[in-house]
Amino acid sequence: MADSDDLSIHRLNPQQREAVDWGDGPLLLLAGAGTGKTRVIVARIVRLLSRGVAPESILAVTFTNKAAREMRDRVGELLDGGVAGRVTVATFHAFCCRLLREHIARLDYSPRFAIASDAYQSGLVRNIMAEMGYTGDDCDPGLWLALIGKAKSMLAEPEDVAAMSWPRAEDVSRVYAEYTKRMRLMDQLDFDDLLLLTYRLWSRNPDLLEQHRNRYRYLLIDEYQDTNALQFHLMATLAGPRRNLCVVGDDDQSIYGWRGADLGNILEFETRFPDAKVIRLEQNYRSTTTILDAANAVIARNSERHPKRLWSTVAGGTPILVVRTADEEAEAAFIAEFIEERRLRTHATWEHCAILFRANAQSRAIEGALRARRIPYTMVGSNSFYQRKEILDALSFLQVLANPRDDMSLLRILNVPPRGIGAATIERLRASARVLHRPVYEVLAGGAVLSDAAPETRQAASRLLDCFERHRRGIDSANALASRMETFLREVGYLDGLARMYKPREDALERRDNVLAFLAGMAEFAARNPLAGLREFLEARSLLDANDREEGSDRHARGVTLMTVHASKGLEFPLVLVAGLERGLFPHLRAMEDRTEAEERRLFYVAMTRARRELVLTHAEKRRRGARVTRQRPSGFLDDIPAELARFTTPEGVLTPVSADMAAAFIARMKAGLRPRPADTEPPASGESGPASETQREWF
């Protein structure tokens, strides 16, 4: 292990090495964008092991499966496989889920709980609100579900919510209580429950807490700026008196306040741990000095932050291009033309470029412009494969097979494909289950509700239940998981029923192919996890949904990448274009009204630091919003970029009306490989003309 340890330390800068070598006690590692924080976390794990710390004593938690996989892989590259496998590297949700599977019976929950998806939770809250008569503009199921999640992160019970100053607090409290009761009846946990019940488990069982404290003696938390209050309490509780808590994050990249992240966790770390060691990582390995200097100037305007200044050994760099266009269509056309011109000049691939925007609605015009020029692109964060109706239906069948108490999934597929169990019958089942406080499956199996139904309805229900019961036997077996589930979906009538549900035939065949692709994914999962059964597959899929729903993907199939700035965090591209730098859009109007522009500034900082070599910022003079066209003001963030680091221009190359000759000169400069410049008629400086250099081709 000494060789591996030397290898992990060899390439570290002095600040990184100091963080790796730090001994016991609380450590705050302020890791700016592109400063190699994952390398430091991995190297610190290796260093702890070299000091004789048992692998089982180390717990590293992060937010996304992608980050956890990368960390595990890099630890595995430096250590013997057996040793690396004994270090616990997981997401918050996966770690808590694993712990609850083993101990949740102490809270009188079943260890066979299912994990509810976002859509599942939303549907349940919507149903509860409708039953309670909560309708109207101030009764948004999405908002009320978010408030329930916020309450859980604050360790607040339903009765606590009633006393809060939230809008409709008493009503939200009632929905929260009913939501909790039904989730428990259906043997379901949501993502917040995984954290809350783990904390409750430790609070009510001191012996179990001490057992876990003795096992996990060294804790490392990645992306600490994204933690909420509950996640802080969880890890602080687990750290206990030893306080071997190493947190890694960047307050300048805290962009998930709307999702419950508590910036105070990182800003107040030294207050909570007065003897904490604080180390700043400021050497950036990603971007040019020009981009970093501009980003530093923008983020410095925020007052609540740990002072830090990113720097790079990559001196100079292309000035930031700020382009004003007439409207969003002109903006989109410029972006497409700019990307096409860059590719023609540098012979690079489309994948080297990303287009970022504040709101998903901005993608419409941009996608249209890219299609018009036949530029391939990948949209990150759009409706995923798992959100297709046929896949959600297939998942619902499997979820009922694994958990017959799952009312939401059962009600979804009772008459899918149509089998004669109509809406009136389904409503009677739902109402009876609510009165009897029993799962719908049990009510259906009892038969009393269908006693006066048509014979065809009773027979259809009987056949459906019989199919579930036959295939439920052995679902924990890992043997031929995918083929057994394909047989089940065929016998339950779903696969063959797609032809009756969808017309024309081509649509039905495409949906059937999608379901078969879903089953192929299950087969791949089974190959990677030879001991896993259906419940393990469903859990893994749910946890992927929990942790990666905001994560951008680095596995782009082909083309230019389009995504929101939120989705871009953690990624980097040689060329980045950020569209819509206008007041009311970026910063967003809601943030301006709520006086939360500091988070919008951090979001812009994240967007800027995604660029490695070239950054282009665009804004429109007019933008269509619904049926209205409104005049737009440039974002105030643009004023914070030092003038010497940027070139302000229009698609024609100037900010004032110009002659056709001057516009032609701009186009000629672009085709010759020159950077756009403000209006002038001077010849290009020496060295600017001619084809792109090999260095340029290397990055874009």
* Structure fact -> When Asp251, Asp252, Asp250 are each screened for side chain to side chain donor-acceptor pair (under 3.5 Å) with Arg305, the one that passes is Asp252
* Is it the case that Gln225 and Glu223 place a side-chain donor and acceptor less than 3.5 Å from each other? -> yes
* Taking Ile221 as the fixed residue, which of Asp226, Ile41, Val247 is the one that meets the side-chain contact (heavy atoms from CB on, under 4.5 Å) rule? -> Val247
* Mutual orientation of the aromatic rings belonging to Tyr224 and Phe269 [parallel < 30°, tilted 30-60°, perpendicular > 60°] -> perpendicular
* More than 12 heavy atoms from other groups under 6.0 Å of NZ on Lys150 -> no
* Think Arg39 forms a cation-pi with Tyr285, using NZ or CZ under 6.0 Å from the six-ring centre and within 45 degrees of its axis? -> yes
* Is a salt bridge present between Arg623 and Asp327, judged by a nitrogen-to-oxygen distance below 4.0 Å? -> no
* Asked: To the nearest 0.5 Å, how far apart are CZ in Arg286 and CG in Leu310?
  -> 9.5 Å
* Using the side chain to side chain contact (heavy atoms under 4.5 Å, CB included) rule, take Leu195 and Gln231 through it: C-alpha gap first, then chi angles, then the decisive distance, then the call. => CA-CA 7 Å; Leu195 308 178; Gln231 286 161 332; 3.7 Å; yes
* Asked: Going by an N to O cut-off under 4.0 Å, is there a salt bridge joining Glu621 and Arg324?
  -> yes
* Looking at side-chain heavy atoms only, is the closest gap between Tyr377 and Thr561 below 4.5 Å? -> no
May I have the list of side-chain donor-acceptor pairs in residues 26-36 shorter than 3.5 Å, sequence neighbours left out?
residue: Thr35; atom: OG1; partner: Gly32; partner atom: N; Å: 3.3
residue: Thr35; atom: OG1; partner: Gly32; partner atom: O; Å: 2.6

* To do: Using atom types as modelled and distance alone, determine if a side-chain donor or acceptor of Glu597 lies under 3.5 Å from a backbone N or O of Pro587.
  => no
* To do: Using only heavy-atom distances, determine whether the side chains of Gln632 and Thr630 contain a donor-acceptor pair under 3.5 Å.
  => yes
* To do: Mind telling me whether Phe191 and His93 have parallel, tilted or perpendicular rings, with 30° and 60° as the class edges?
  => perpendicular
* To do: Measure from NZ or CZ of Arg259 to the centre of the six-membered ring of Tyr256, then state whether that distance is under 6.0 Å and the direction lies within 45° of the axis.
  => yes
* Where is the tightest heavy-atom contact between Ala579 and Thr618, given as atom of each residue plus distance? -> CA-OG1, 3.2 Å
* Structure fact -> Output for pair (Arg242 CZ, Leu219 CG), nearest 0.5 Å, gives 10.0 Å
